[in-house]
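These values consider heavy atoms only, across backbone and side chains, with no hydrogens, waters or symmetry-generated copies.
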Amino acid sequence: MEQKLSSVAKTFTPSPIQELSHLAQRSNAINLAEGFPDFPAPSHLKNAAISAINSDFNQYRHVQGICDHLANIMKEMHGLDFDPRTDMAICCGQTEAFAAAVFAIIDPGDEVVLFDPSYETYEGCIRMAGGIPVYVALEPPHWTLDPDRFINSFTARTKAVILNSPHNPTGKVFTKDELETIAGACCRRDCMAITDEVYEHITYDNIKHISLASLPGMQERTIITSSLSKTFSVTDSAPAPFQEAALTALRSPPEYFEKLRREYESKRDYIVHLIAGIGFQIKFKPRGAFFLFAELPENYLLSDVEYVKELIKQAGVVAVPGCGFFHTTLSTEKLSQVGCSYQERYIRFAFCKSSATLAAAAQKLAELSDAMGCVTGGKNA
């Protein structure tokens with residue numbers, strides 16, 4: 001069967017995040033790797049799905065009600081005017097939506113600009129469409145965008161820019177100035193933009209999410225992708241009963257979204273304190289999404305992959321090595337400032353977990369810290 005795969009598909013490897021989750025299951029470890037909540041979805045959402053199933057919503061479903069409501073939301077949140085009949089499509093989650101967007105606009109040989117580090121799915125979709133990923137490194141520790149580096153990444157073949165904000169894995173929320181830099185380049189170069197805005201309701205410290213499409217000249221050249229999965233703690237799907245539930249979810253009152261934001265901000269503060277307490281360097285506190293991208297201590301010589309393996313074996317906690325999110329490197333000048341191996345120095349912890357799960361992880365990490373003299377007591381320290 002393998003010999004029948006396309007030349008691009010043959011180059012793909014299993015997701016390290018999924019592999020680590022499987023290892024966590026086999027080891028009965030606490031999973032702080034994958035970004036899925038381990039607590040229940042909202043009851044009003046589940047009840048709507050159950051009601052729809054019992055009402056025999058089991059045939060092809062017209063989704064106009066969802067599109068109408070989404071159009072109203074986009075108008076209220078971002079001041080954008082969308083025609084729900086022609087400007088929106090319902091997909092089975094953000095990954096399918098992103099793939100559909102890429103295949104709709106990318107021809108073989110087109111270049112697509114991405115920011116590094118980046119979520120692993122993007123590159124595969126681009127390459128399957130025949131596109132060429134071009135990575136622009138964000139500068140640690142605050143993951144800032146260098147305007148010159150970004151603008152210099154464009155060529156005559158650049159077709160689109162991919163923007164994920166709030167950002168996985170770092171928790172960065174791109175600033176208004178950074179968004180204006182991106183928008184200006186897209187307008188001048190007549191390029192498209194595909195955004196991943198799945199964490200649009202999960203931001204901290206009174207920071208508000210700004211959609212790139214809301215900037216001047218960008219609505220007509222931006223494809224926005226998002227999903228219910230992060231906001232409502234569900235895995236996306238599009239059968240008719242779940243569309244009914246989705247409509248119920250989208251009609252949730254403002255209090256729901258504010259409560260969601262407060263609860264995740266509390267979890268963020270908890271895990272920042274926890275991970276800093278075992279010796280990690282927290283130079284950047286996440287401002288959105290639900291991941292902490294933490295740097296190993298300077299005198300800890302294990303790589304990110306080695307550390308994660310030790311963490312599973314010795315503490316029964318699993319996280320994600322950061323190297324899988326990186327695809328490029330900084331200039332020689334920048335490398336001298338941050339260290340040549342910075343791409344192997346970050347660990348991603350997901351804090352979209354119940355209080356019980358986070359407390360159990362804290363207990364295990366505390367026991368490991370007591371036994372080993374904290375994480376800084378690692379190899380050759």
Side-chain angles (χ1 to χ4, degrees), residues 45 48-49 52 57 59-107 110 112 122 125-126 129 159-166 174 176 179-180 182-201 203 208-232 234 236-254 256-257:
L45 180 60
F57 283 94
Q59 305 302 332
Y60 294 128
R61 183 71 177 129
H62 183 56
V63 297
Q64 198 58 47
I66 298 178
C67 294
D68 290 340
H69 199 74
L70 282 172
N72 292 333
I73 290 174
M74 297 305 292
K75 180 66 173 179
E76 293 172 4
M77 286 186 65
H78 304 297
L80 295 170
D81 290 308
F82 288 105
D83 187 336
R85 297 167 298 176
T86 59
D87 295 344
M88 295 182 172
I90 305 301
C91 302
C92 292
Q94 187 277 334
T95 297
E96 182 187 71
F98 181 85
V102 168
F103 278 92
I105 67 172
I106 299 302
D107 288 315
D110 285 344
V112 182
Y122 304 150
C125 290
I126 293 166
K159 185 69 169 289
V161 176
I162 308 300
L163 174 66
N164 170 213
S165 181
F174 280 71
K176 184 70 177 295
L179 294 177
E180 288 176 345
I182 296 168
C186 287
C187 291
R188 287 192 301 273
R189 296 281 189 156
D190 193 24
C191 289
M192 296 289 292
I194 303 175
T195 66
D196 175 353
E197 303 182 27
V198 298
Y199 301 103
E200 58 196 325
H201 293 290
T203 58
K208 299 297 183 183
H209 167 63
I210 301 173
S211 177
L212 183 67
S214 68
L215 273 64
M218 289 306 294
Q219 179 172 346
E220 60 269 28
R221 62 179 70 254
T222 303
I223 302 174
I224 300 172
T225 68
S226 191
S227 111
L228 301 181
S229 60
K230 312 304 181 183
T231 303
F232 295 99
V234 291
D236 292 300
S237 190
F242 298 145
Q243 292 184 38
E244 292 296 314
L247 188 54
T248 297
L250 292 171
R251 289 171 173 163
S252 298
Y256 171 82
F257 300 100

Side chain to side chain contact (heavy atoms under 4.5 Å, CB included), that's the test. Do Phe82 and Ile224 meet it? Break it down for me. CA-CA 12 Å; Phe82 288 105; Ile224 300 172; 4.3 Å; yes
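- Judged by distance alone, the side chain of Thr203 and the main-chain N or O of Lys208 form no donor-acceptor pair under 3.5 Å.
- Val102 approaches Ala129 most closely through the heavy-atom pair CG1-CB, 3.8 Å.
- Taking OG1 from Thr248 and CZ from Phe242, the interatomic distance works out to 12.5 Å, rounded to the nearest 0.5 Å.
- Using modelled atom types, one side-chain atom of Lys159 and one backbone atom of Ile105 make a donor-acceptor pair closer than 3.5 Å.
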Evaluation steps, side chain to side chain contact (heavy atoms under 4.5 Å, CB included), between Thr231 and Tyr256: CA-CA 10 Å; Thr231 303; Tyr256 171 82; 4.2 Å; yes
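- Atoms OG1 and CG, from Thr222 and Leu80 in turn, are 9.0 Å apart once rounded to the nearest 0.5 Å.
- In this structure, Asp110 contributes its side chain and Val112 its backbone to no donor-acceptor pair below 3.5 Å.
- Residue Glu197 forms a side-chain hydrogen bond (donor to acceptor under 3.5 Å, both in side chains) with just one option from Ser226, Ser211, Ser165, and that option is Ser211.
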Where do Thr225 and Gln94 land on the side-chain hydrogen bond (donor to acceptor under 3.5 Å, both in side chains) test, with the steps shown first? CA-CA 6 Å; Thr225 68; Gln94 187 277 334; 2.9 Å; yes
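- The closest donor-acceptor contact from the side chain of His69 to the backbone of Leu250 lies under 3.5 Å.
- No donor-acceptor pair under 3.5 Å is formed between the side chain of Asn72 and the backbone N or O of Met74.
- Heavy-atom minimum distance, Lys75 versus Asp81: NZ-OD1, 3.0 Å.
- Within the model, atoms CZ of Arg221 and SG of Cys191 stand 8.0 Å from one another, a figure rounded to the nearest 0.5 Å.
- Of all heavy-atom pairs spanning Pro216 and Cys187, the tightest one is O-SG, 3.9 Å.
- Phe174 places a side-chain heavy atom less than 4.5 Å from the side chain of Ile182.
- For the atom pair CG (Leu179) and CG (Leu212), the distance works out to 6.0 Å, reported to the nearest 0.5 Å.
- A distance-only check finds a donor-acceptor pair linking the side chain of Ser252 to the backbone of Ala249 [under 3.5 Å].
- Taking CG of Leu45 as the start and CG of Leu247 as the end, the distance is 11.0 Å to the nearest 0.5 Å.
- Across all their heavy atoms, Glu244 and Ala48 have their closest contact at O-CB, 4.5 Å.
- When side chains are defined from C-beta on, His78 counts as touching His209, because their heavy atoms get closer than 4.5 Å.
- Between the CD1 atom in Ile162 and the CZ atom in Phe98 there is a gap of 4.0 Å [rounded to 0.5 Å].
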